Participant: 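Here it is, the structure in full.
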Amino acid sequence: MLVVLVLLLPITVMIIASFQSADGSFSLENYHQVVSTRYYTEAIRNSLAISLVASVISLIIAIIGAWALTRLAPKTKNILISLFNMSSSFAGVPLAFSLIILFGNAGIWQALMTALHLPRTFEIYSLSGTTLAYTFFEVPLGIMFLFPVFEELNPEWKEISSVLGAKPMFFFKKVIFPVVLPNIVEVFTLLFANAMGTYETTFALTGNSLVTIPTLIGTLIDGGLTANVPLACTFATLFALVMTAIVWLGNRVTRSKREVKA
């Protein structure tokens with residue numbers, strides 16, 4: 001019953017509303033606008049580009065960080081886990097404000113470049129700047145998800161593999177890789193979904209100068225003159241379809257690896 005109320009019912013209403021016109025009649029006009037309007041397609045491209053790049057970069061750093069975390073002393077490990085736990089929640093307006101202080105027009109980076117008479121090579125109020133902002137909370141989030149996976153790897157596996165004459169590359173390919181790959185794919189899916197749904201950081205950092213699916217949905221449902229709830233439901237439905245495809249693809253990859261392992 002709870003799943004129906006908080007998940008199935010809202011999704012059903014959202015999908016139905018996406019096929020409604022302004023007067024409430026059935027129409028495909030909303031989907032036609034999405035694919036034919038440059039502003040809307042740009043929002044989709046920006047969201048996909050930022051989410052994909054930020055998730056891949058964050059995942060790579062998180063894999064290295066999670067593995068390195070398992071090599072530390074317990075006391076140091078606990079301190080860093082607490083820091084990563086707090087950092088993973090440091091997003092939205094506070095994160096955007098901090099990055100503006102660091103990289104904004106009157107920020108520390110700009111002052112440093114000016115003092116050194118160097119050209120300004122990085123713009124925080126841009127697509128690349130927003131991608132960097134996403135990695136600030138995606139990296140610690142990825143580390144928190146992957147650390148238990150690497151922590152559970154038994155060191156004796158490598159010793160047994162060496163005794164049996166297996167080379168390090170064979171051990172990694174046949175033992176470690178099949179164990180960690182499903183978890184890596186699942187973490188990538190979570191990071192991608194988290195990035196796709198981020199609203200506050202993008203809006204606080206770029207305002208309306210960089211349009212993404214969440215900021216566009218926010219504009220369409222703000223109650224102003226541009227409010228268009230059916231069109232907002234259309235973008236939300238497309239978002240759900242993208243995430244469904246990512247999850248399905250991830251499940252296919254992990255299922256095939258588990259079948260091979262079995």
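Given the structure is predicted, the values throughout are model-derived calculations rather than measurements.
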Participant: Just so I know, are the side chains of F26 and Q20 near enough to count as touching, which here means a heavy-atom distance under 4.5 Å?
Facilitator: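 A side-chain contact under 4.5 Å is absent here.
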
Participant: For the hydrophobic clusters of this structure (ILVMFWY residues joined by side-chain heavy atoms under 4.5 Å, transitively), does one cluster hold both I124 and I101?
Facilitator: no

Participant: Going by the rule side-chain contact (heavy atoms from CB on, under 4.5 Å), which residues pair with L59 if we only count those two or more places apart in sequence or in a different chain?
Facilitator: I63, L146, I184, V187, F188, L191

Participant: Do N105 and Q110 have side chains that approach each other closer than 4.5 Å (heavy atoms only, starting at C-beta)?
Facilitator: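 A side-chain contact is absent here, since even the closest heavy-atom pair is not under 4.5 Å.
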
Participant: For side-chain contact (heavy atoms from CB on, under 4.5 Å), just list the numbers for L83 and M86, CA-CA rounded to whole Å, side-chain angles, deciding distance to a tenth of an Å, and then say yes or no.
Facilitator: CA-CA 5 Å; L83 291 175; M86 291 186 294; 3.7 Å; yes

Participant: Verify whether one side chain among S128 and S126 offers a donor that lies under 3.5 Å from an acceptor in the other.
Facilitator: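 The answer is yes; a qualifying pair exists.
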
Participant: Do the side chain of S209 and the main chain of T206 share a donor and acceptor less than 3.5 angstrom apart?
Facilitator: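 Answer holds: yes.
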
Participant: Taking C-beta and beyond as the side chain, do I44 and V34 meet within less than 4.5 Å on heavy atoms?
Facilitator: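 Yes, close enough: below the 4.5 Å cut-off.
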
Participant: So does S55 get a backbone contact from the side chain of S58, meaning a donor-acceptor N/O pair under 3.5 Å?
Facilitator: no

Participant: So, T135 side chain and L132 main chain: donor-acceptor pair closer than 3.5 Å or not?
Facilitator: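 The answer is yes, because a donor-acceptor pair under 3.5 Å joins these two groups.
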
Participant: Using modelled atom types and a 3.5 Å cut-off, is there a donor and acceptor pairing between side-chain atoms of T76 and backbone atoms of L72?
Facilitator: no

Participant: Indicate whether the side chain of S25 and that of S21 have a donor and an acceptor atom separated by less than 3.5 Å.
Facilitator: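 A pair is found: one side chain offers a donor N or O, the other an acceptor, under 3.5 Å apart.
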
Participant: Return the minimal non-hydrogen interatomic distance between N30 and P230, and the atom names on each side.
Facilitator: ND2-CB, 3.6 Å

Participant: Which pair of heavy atoms, one from P214 and one from G197, lies closest together, and at what distance?
Facilitator: CG-C, 4.1 Å

Participant: Could you pull out the closest heavy-atom pair between Q33 and L231, with the gap in Å?
Facilitator: OE1-CD2, 4.0 Å

Participant: Name the residue from V242, I15, I11 that meets the side-chain contact (heavy atoms from CB on, under 4.5 Å) definition with T237.
Facilitator: I15

Participant: Give the intermediate values and the outcome of ring-ring contact (aromatic ring centres under 6.0 Å, His included) for residues Y134 and F137.
Facilitator: CA-CA 6 Å; Y134 279 36; F137 59 85; 5.7 Å; yes

Participant: Taking all non-hydrogen atoms of both residues into account, name the closest pair between C233 and M14 and its distance.
Facilitator: CB-O, 3.4 Å

Participant: What I'd like to find out is whether the side chain of M243 reaches to under 4.5 Å of the side chain of F192, using heavy atoms alone.
Facilitator: yes

Participant: Got a donor-acceptor contact below 3.5 angstrom from the N85 side chain to the I81 backbone?
Facilitator: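 Side chain of N85 to backbone of I81, a donor-acceptor pair under 3.5 Å: no, none is there.
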
Participant: Grouping I, L, V, M, F, W and Y whenever their side-chain heavy atoms are under 4.5 Å apart, do V93 and F136 come out in a common cluster?
Facilitator: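 V93 and F136: separate clusters.
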
Participant: Checking side-chain polar atoms at under 3.5 Å, does T215 have a donor or acceptor matched by the opposite partner on T212?
Facilitator: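 Their side chains do contain a donor-acceptor pair, which is all the 3.5 Å distance test asks for.
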
Participant: Can you find a side-chain donor-acceptor pair between N194 and E138 that sits under 3.5 Å?
Facilitator: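 Side-chain D/A pair, N194 to E138: present.
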
Participant: Between Y31 and S18, is there a side-chain heavy-atom distance shorter than 4.5 Å?
Facilitator: yes

Participant: Using side-chain heavy atoms (C-beta onward) and a distance below 4.5 Å, is W109 in contact with L102?
Facilitator: no

Participant: Report the C-alpha distance between Y125 and F103 in whole Å, list the side-chain angles of each, state the deciding distance to 0.1 Å, and finish with yes or no for ring-ring contact (aromatic ring centres under 6.0 Å, His included).
Facilitator: CA-CA 9 Å; Y125 312 105; F103 301 106; over 10 Å; no

Participant: I'd like to know if V179 and I64 are part of one continuous hydrophobic network [Ile/Leu/Val/Met/Phe/Trp/Tyr, side-chain heavy atoms within less than 4.5 Å].
Facilitator: yes

Participant: In terms of hydrophobic clustering (I, L, V, M, F, W, Y; side-chain heavy atoms under 4.5 Å; direct or indirect links), are V56 and L141 co-clustered?
Facilitator: yes

Participant: Is I221 linked to I16 within one hydrophobic cluster, defined over Ile, Leu, Val, Met, Phe, Trp and Tyr using a side-chain heavy-atom separation of less than 4.5 Å?
Facilitator: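 Different hydrophobic clusters.
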
Participant: CD1/I176 to CE/M169 distance, rounded to the nearest 0.5 angstrom?
Facilitator: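 Nearest 0.5 Å value for the CD1-CE distance: 12.5 Å.
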
Participant: Is the shortest heavy-atom distance from the side chain of I57 to the side chain of V53 under 4.5 Å?
Facilitator: yes

Participant: Say whether, by atom type as modelled, one donor and one acceptor occur between the side chain of S27 and the main chain of E29 under 3.5 angstrom.
Facilitator: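 Flag set: sc S27 to bb E29 pair under 3.5 Å.
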
Participant: Could you check whether any side-chain N or O of S47 sits under 3.5 Å from a backbone N or O of I213, counting only pairs where one atom can act as donor and the other as acceptor?
Facilitator: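 Yes, the answer is positive, given that a donor and an acceptor are paired below the 3.5 Å cut-off.
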
Participant: Decide yes or no for L205 and F97: does some side-chain heavy atom of the first lie under 4.5 Å from some side-chain heavy atom of the second?
Facilitator: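 L205 does not reach F97 side chain to side chain.
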
